[in-house]
Amino acid sequence: MTTPTSDNPLLDFSGLPRFDAIRPQHVGPAIDGLLAENRALLSRLESAPATWDGFAAPFFDANERLARAWGVVGHLHAVMDVPEWREAYNARLPEVTRHFAELGQNQRLFAQFKAIAARPDFAALDAARRRIVEHELRDFRLAGAELPEAAKPRFQAIQEELAALQAKFSENLLDATNAFAEYVADEAELAGIPADAVAAARAAAEKDGRAGWKFTLHMPSYLPVMQYAESRRLRERLYRAHATRAAEFPELGSQPEWDNMPLIRRILALRAEEAALLGYASFAEVSLVPKMAGSPAEVLAFLRDLAAKSKPFAERDMAELREFAAAQGHDRLEPWDIAWMSEKLKQARHGFSDEEVRRYFPEDKVLAGLFGVIETLFGVRIAPDAAPAWHEDVRFFRIEDATGGLVGQFYLDLYARETKRGGAWMDDAVTRRRTAAGIQTPVAYLNCNFPRPVGGKPALFSHDEVITLFHETGHGLHHLLTRVEELAVSGINGVEWDAVELPSQFMENFCWEWQVLRGMTAHAESGAPLPRELYDRMIAAKNFQGGMQTARQIEFALFDLLLHSDFDPAGQQGVLELLEEVRREVAVIFPPPWHRFPNSFSHIFAGGYAAGYYSYKWAEVLSADAFAAFEEASAGDSVLDPAVGARFRDEILAVGGSRPALDSFKAFRGRAPSAEALLRHSGMIPA
C-alpha cells in the first residue's frame, strides 16, 4: 500500500520531523517524489546564471529537502531497526546513492561552480561562500566528475554497492548481537555482578518468559559481567560470543549470512578500485583530501611517534597487571580475565570501584550538571521541550539565548534497545541556515546505549558513560551553536573530519573537574554528593592503564590506515594477518586467534571513519590544548570561565566549517596546537 505524497508526513518540512505520523510505507513515495523533483530542478540549474544567487543558493536548497527526508529515514533505521524500517531503508538506498553519485559527476553543474570561481567578483564573496565553492570543486573531483565518460558508470556502480555493503555490515552486527543470550539459572554464578545489572538480567529473562537471569552482548549487560563477575565461565562465554560477532562461528548463535568478513574484503576491493579510478595510489589518499592531515605518510608518522611515546607506559601497565594477577593466584591471564582483574587492581591500588562511583551519577543529576556546564560556558539556557519522538524513552530539549530566543533543539535517546544500533553518536536533523522566511534553527539527535532505569529507580551511569554523554553533546554543540548561515559550512558541515572530534573530546575534560562533579552527583540511596576524598582517588586513578588504552587506540588507527593504504585486498596477506602485524608493532594485549575484531569495526566499515580512525588521536591533541586555555585562565579556581567559553564558542563552535579548522584553533588559542597538554593529561609527562 502506498501513501499519496500530498498527505505524506515525511514531506512536511515546516518544522520538526513528525515522528508520531511517519511510517515505513511513507518512505518510497516521499523519496521517489523528492528524487524526481530534485532531478528536475538540478536540470534547470545547469543553464542558470553562474552566480551565487542564480545557481549556488538554489542548488543547495534543492538538495536540502532530500537530505532532510532521507536523514529521518536513516535515523529511524538506526534507532528502530525492525524489519519494516530495514526494508524501507534498503529499498531506497540504491536510488538515493545513485542520485548523489550522478550529481557528483554532472559536468554541467561542475562547470557552473568552476564559472563562479572564475568570475572577477569571486573574491568579493564572503569567506564562507568562497570556501563552499572551493569545497564543491574538490568534492566534484572526488565524485568522479573529471573521469572519462566511459568510466563514470563503473564509478557510480561502486558507490551504490559500497552503500549497500556498509548498511549490510551494520545490520549483520546488530542481528548477531541480538541473536546471543546467556541464561543463568544458578544464582552463584552472579557473584560480583552489581545489583542493578542483576536486576536488569532478571527483568530480561522474565520478559522472555524464562526463569533465572538473561545476559546479552549489549553493553549495559555485557560490561558488568566482564568487569565484575567472579564466574570465569560466564566471562569466557560472553567474551567468546562478543569477540566472534558477525563471524563464521555458528556454535555461538551466528548465522552464515551474518559473516562480515566477505563484506570487508569486498568493501576494501571497491574502495581501492575507486581510488585507482580517481588517480590515487590508495583509498587512504582519497580519504585524506578533505582532512587536515596532508598524506598517509604524515598520519603514519604521527601514529608511530605517539606509539613510541606511549608503548613503554602500556608495557608497564601490562606488567603490573600480570604481577598483580600472579599474586592473586592467576598465573595465566586470559583475555576474558583482563577487565575483571584490572578492576580488582584498581580497587586495590586506589580504594574504589567503578560501581561505587556509578552510585553517584543518577541520570537527572548528570543531565542537570551537563546543562549547567553548557549554560555557564556558552551563555545559553537549556529547557525541556515537547516534540513527537520515535520511542517513549526519548527526551527533547531547547537551547535559548540570553534573551529567550531559540538557538536550537535536540532529541536525547539515552538507553540501549535491541532495535537500536550499538555505540553512541550525534546526527543532525535540521541544519542552521538563512532562508527567505528567516533563520532555520538547527536540531540534533544525541544517541547513547546506556542502561535504562530498573525497578522504578533512576538510571545510574558509570563515569565512563558520563564522559560519553559529554562527548556526544560536544558534537551536538558544534552543530547547534553555529552562527553560520550557509548550509554547506554550518555546524559540522565542511569541518575537516580529523578536526570534527575537537569539540566532543574537549567537553570530556569537564568530567574530571571538581567544580563540575560536586554539583552533578547525588548518591542513589543517600542523595549525598560525591565526596572529595573519593574524587581525589578518581583523579589519582584517572590515567590508570592509560598506556594500554592509548596503545589500543593506536592499534585500531594504524590497522585502519594500513588497510586502506599499503594493503592489497587481492594479495596474499589477509585482513587478520595485517591486524596481527600491527599488534606486534604497537600492542601489549594479544587476543586469541579466533578473535574477529574487524567483523565488528563499524567505524571504518559502516561509518565515516575509513582511513580516518586516527582522527580521534589527532583531534585529542587539539582538544587537550584547547582545554588547557581554561586551565590557564582558572589559576587553580573554576575552569568554568565564561570569558574563555565565549571565545571558544566564537572561534570554534560558531564558525563551523566556514574556515579551516587550523585557523579556528589558532584564532582561539593564539598559536598553533601543541601536544604537550595531551601528554600531560595522559600522565606521560609531569604536570
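Everything quoted here is computed from the prediction, not taken from an experiment.
In this structure, the side chain of Ser353 engages the main chain of Glu356 through a donor-acceptor pair within 3.5 Å. A donor-acceptor pair under 3.5 Å is absent between the side-chain atoms of Arg395 and the main chain of Leu412, judged by distance alone. Here the side chain of Lys214 pairs no donor or acceptor atom with the backbone of Ala203 at under 3.5 angstrom. Remark: side-chain polar atoms of Arg417 are paired, donor with acceptor, to backbone N or O of Val79 under 3.5 angstrom. Within the 3.5 Å criterion, the main-chain N or O of Asp464 finds a donor-acceptor partner in the side chain of Thr468. With hydrogens and angles disregarded, no donor-acceptor distance shorter than 3.5 Å links the side chain of Ser221 to the backbone of Leu217. Distance alone, capped at 3.5 Å, places no donor-acceptor pair between the Glu248 side chain and the Pro256 backbone. In this structure a side-chain-to-backbone donor-acceptor pair under 3.5 Å is present from Asn509 to Gln505.
Ring geometry for Phe371 versus Phe410: interplanar angle over 60°, hence perpendicular rather than tilted (30 to 60°). The aromatic rings of His564 and Phe283 are tilted relative to each other, their planes meeting at an angle between 30° and 60°. Taking the six-membered ring for Trp and thresholds of 30 and 60 degrees, Phe605 and Phe169 have ring planes inclined between 30 and 60 degrees apart. Taking the six-membered ring where tryptophan is involved, the planes of Phe597 and Phe601 are tilted, since the angle between them lies from 30° to 60°.
Under the 3.5 Å distance criterion, with hydrogens and angles disregarded, no donor-acceptor pair is assigned to the side chains of Ser490 and Arg432. Under the 3.5 Å distance criterion, with hydrogens and angles disregarded, a donor-acceptor pair is assigned to the side chains of Gln553 and Tyr613. Judged purely by distance below 3.5 Å, without hydrogens or angles, the side chains of His681 and Glu620 never pair a donor atom with an acceptor atom. Side-chain contact of Tyr222 with Glu182: a donor-acceptor pair under 3.5 Å is absent, judged by distance alone. Under the 3.5 Å distance criterion, with hydrogens and angles disregarded, a donor-acceptor pair is assigned to the side chains of Glu171 and Asn90. Side-chain N/O atoms of Glu501 and Ser623 include no donor and acceptor closer than 3.5 Å. At a cut-off of 3.5 Å, with distance as the only test, no side-chain donor of Asn447 or His75 sits close to an acceptor on the other residue. No hydrogens or angles considered: a donor-acceptor pair under 3.5 Å links the side chains of Ser287 and Lys291.
Aromatic pair Tyr445/Trp425: centroids not less than 6.0 angstrom apart. Checked against a 6.0 Å centroid threshold, the rings of Phe19 and Tyr411 count as neighbours.
The minimum heavy-atom distance linking Phe361 with Met520 is given by the pair CD2-O, 4.1 Å. Listed here is the closest heavy atom pair of Val466 and Val366: CG2-CG2, 4.1 Å. Scanning both residues, Arg452 and Ala459, for their nearest heavy atoms gives C-CB, 4.1 Å. Of all non-hydrogen atoms in Phe590 and Ala587, the two that sit nearest each other are CZ-O, 3.6 Å. Contact detail for Asn449 and Ala416: the closest heavy-atom pair is OD1-CA, 3.2 Å. The heavy-atom pair separating Pro453 from Tyr415 by the smallest distance is CD-CZ, 3.5 Å.
Residues Tyr360 and Lys365 are not in side-chain contact: their nearest non-hydrogen atoms beyond the backbone lie 4.5 Å or more apart. Side-chain contact between His603 and Tyr616 is present, with at least one heavy-atom pair separated by less than 4.5 Å. Side-chain contact between Asn599 and Asp259 is present, with at least one heavy-atom pair separated by less than 4.5 Å. Taking the side chain as every heavy atom from C-beta outward, Val73 and Trp70 approach each other to under 4.5 Å.
Applying the salt bridge (Lys or Arg N to Asp or Glu O under 4.0 Å) rule to Glu555 yields the partners Arg583; only residues at least two apart in sequence or on another chain are considered. Asp560 is linked by a salt bridge (Lys or Arg N to Asp or Glu O under 4.0 Å) to nothing, counting only residues two or more places apart in sequence or in another chain. By the salt bridge (Lys or Arg N to Asp or Glu O under 4.0 Å) test, Asp81 pairs with Arg86, sequence neighbours left out.
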Check the pair Phe556, Tyr614 against ring-ring contact (aromatic ring centres under 6.0 Å, His included), reporting the backbone distance first and the verdict last.
CA-CA 8 Å; Phe556 297 168; Tyr614 77 90; over 10 Å; no
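Annotation: cation-pi geometry satisfied between Arg235 and Trp340 (NZ/CZ under 6.0 angstrom from ring centroid, within 45° of ring axis).
For the atom pair Thr473 OG1 and Met426 CE, the distance stands at 10.0 Å (nearest 0.5 Å). With rounding to the nearest 0.5 Å, the separation of OG1 in Thr216 from OH in Tyr183 is 9.5 Å. In this structure, the separation between CG on Leu477 and NE2 on His475 is 11.0 Å, given to the nearest 0.5 Å.
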